[in-house]
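The structure appears right after this line, and notes come after that.
All values reported here derive from a predicted model rather than from experimental measurement.
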Amino acid sequence: MSAKRSKARPTAVRLAALGVTGALLVLLSGCDVGSHVDGFGWPQNGITEQSKRMYDLWIGSVVAALIVGVFVWGLIFWCVIRYRKRGEKLPVQTRFNMPMEFLYTIAPVLVVSVLFYYTAIVQTDVNKQTANPAVTVEVEAFKWNWQFNYQDGPTENGRVGKTVTSTLGTTEVIPVLVLPTGRTIRFEETSRDVIHSFWVPELLFKRDVFPGNVRNVFEVTIDQTGAYVGRCAELCGTYHSMMNFELRAVSGDDYDKFLAAKQAGQSTQQALQSIGQDPLASTTSPFPTRRDLSNFNPGGTAAGTGS
């Protein structure tokens, strides 16, 4: 009877291992694992090459974690079943198991090392800056709006790029930042007052905008056209929630025409119409600031009039 059980157990273990391996192969066989499980919680609508690399790193990390988890859970359940209590007699007690101790010491180090390696590669790639970006935009944040300055080159070696034309947001008009697809775009961020944060959700990351001489610089390459809402993601004051903008990604030719129209003296709205784009932001709209009323006094008493 015992011999039959000993033969059955290895067979069951092999079948379980084959089942787990088969499930993992099925899981990994698709072109995009994340598309079947909603990205494992990671947004899937990235519009830049950098965002797609971060997405792939996230999916790979989660799949690796699931493999490790399935293995650990399997060991736990196997131990619970294999070494469950049978009568009053204690099972054989052992002091140590060198192969097992070696496994659970070296395996985590290997897993962490591999994840660290790929994380370092992706992080370096995302933060990489080119010598001559095709487009340079200075992002100026202030309470509570944005100004986008299109410059003739990046700030390097003490040289500050010359502003060719600008787009300034107001309380009534959401600023539209027009950028080309397929070109390297450098953002140089600065603030006039407090810390803000430049965030376009489809870029899959955000960067703080600091006051003073600190310029937060990063580069992206947008690979699809469209209109995307942008926000301030740092609590910066009373009208923080109203500090929105729109990123309008257009083709390279349309971008060149837009820039030429701006340099010719047209407003941002006129230049957008000249390339067949909506003149106003379509992903967000101005918020009622109600700055002429006191929200704390009854009867709509005008702000600043006293009691």
Side-chain angles (χ1 to χ4, degrees), residues 47-48 133-155 160-193 196-203 207 209 215 219-222 224-233 236-237 239-292:
I47 61 173
T48 66
V135 178
T136 302
V137 177
E138 181 184 49
V139 177
E140 279 194 74
F142 58 93
K143 297 188 293 187
W144 285 275
N145 222 309
W146 305 87
Q147 179 172 333
F148 303 116
N149 302 319
Y150 299 87
Q151 299 186 324
D152 62 354
T155 300
V160 179
K162 180 182 177 182
T163 298
V164 175
T165 186
S166 297
T167 293
L168 175 65
T170 65
T171 304
E172 294 77 23
V173 179
I174 296 291
V176 178
L177 172 60
V178 180
L179 293 174
T181 58
R183 299 183 186 179
T184 304
I185 304 164
R186 175 176 293 187
F187 294 91
E188 298 186 0
E189 301 178 341
T190 184
S191 171
R192 299 181 192 173
D193 35 55
H196 300 276
S197 187
F198 180 87
W199 181 39
V200 178
E202 282 75 14
L203 297 183
R207 293 294 177 103
V209 186
R215 297 177 77 86
E219 294 183 5
V220 300
T221 303
I222 301 174
Q224 63 186 65
T225 60
Y228 310 97
V229 66
R231 308 182 187 280
C232 175
C236 56
Y239 298 101
H240 156 72
S241 63
M242 306 177 187
M243 191 172 166
N244 293 348
F245 64 94
E246 181 173 282
L247 188 154
R248 192 78 60 84
V250 299
S251 66
D253 291 340
D254 283 347
Y255 172 77
D256 293 335
K257 294 176 183 176
F258 168 82
L259 212 59
K262 286 282 293 178
Q263 290 178 277
Q266 293 187 19
S267 67
T268 299
Q269 287 69 43
Q270 291 171 333
L272 282 169
Q273 284 182 313
S274 70
I275 60 173
Q277 292 281 330
D278 292 335
L280 299 176
S282 58
T283 58
T284 184
S285 56
F287 290 81
T289 60
R290 297 178 293 179
R291 295 184 184 182
D292 56 341

Next item on the list: Run the ring-centre check on Phe287 versus Tyr239 and record whether the distance is less than 6.0 Å.
Entry: no
Check: Do Leu177 and Arg248 have side chains that get closer than 4.5 Å, going by heavy atoms?
Finding: no
Notebook entry, point to check: Should Phe187 and Leu179 count as side-chain neighbours, where that means a heavy-atom distance under 4.5 Å?
Noted result: yes
With [X], which residues qualify under side chain to side chain contact (heavy atoms under 4.5 Å, CB included), at least two apart?
X	result
Thr181	Ile222, Thr225, Ala249
Gln269	Val173, Ser267, Pro279, Leu280
Thr283	Ala227, Val229, Glu246

List for me each residue that meets salt bridge (charged side-chain N to carboxylate O under 4.0 Å, His left out) alongside [X], sequence neighbours excluded, and say none if there are none.
X	value
Glu189	none
Arg207	none
Glu138	Arg215
Asp152	Arg159

Using side-chain hydrogen bond (donor to acceptor under 3.5 Å, both in side chains) as the criterion, list what pairs up with [X], not counting sequence neighbours.
X	result
Ser274	none
Thr163	none
Thr167	Thr268

Next item on the list: Give every residue pair that meets the salt bridge (Lys or Arg N to Asp or Glu O under 4.0 Å) criterion with at least one member in residues 254-278, sequence neighbours excluded.
Entry: Arg183-Asp256
Note to self: Considering only residues two or more places apart or on different chains, which pairs with a residue in residues 249-276 satisfy ring-ring contact (aromatic ring centres under 6.0 Å, His included)?
What the structure shows: none
Checklist line | Any side-chain donor near an acceptor of the partner, Gln147 and Asn145, under 3.5 Å | finding: no
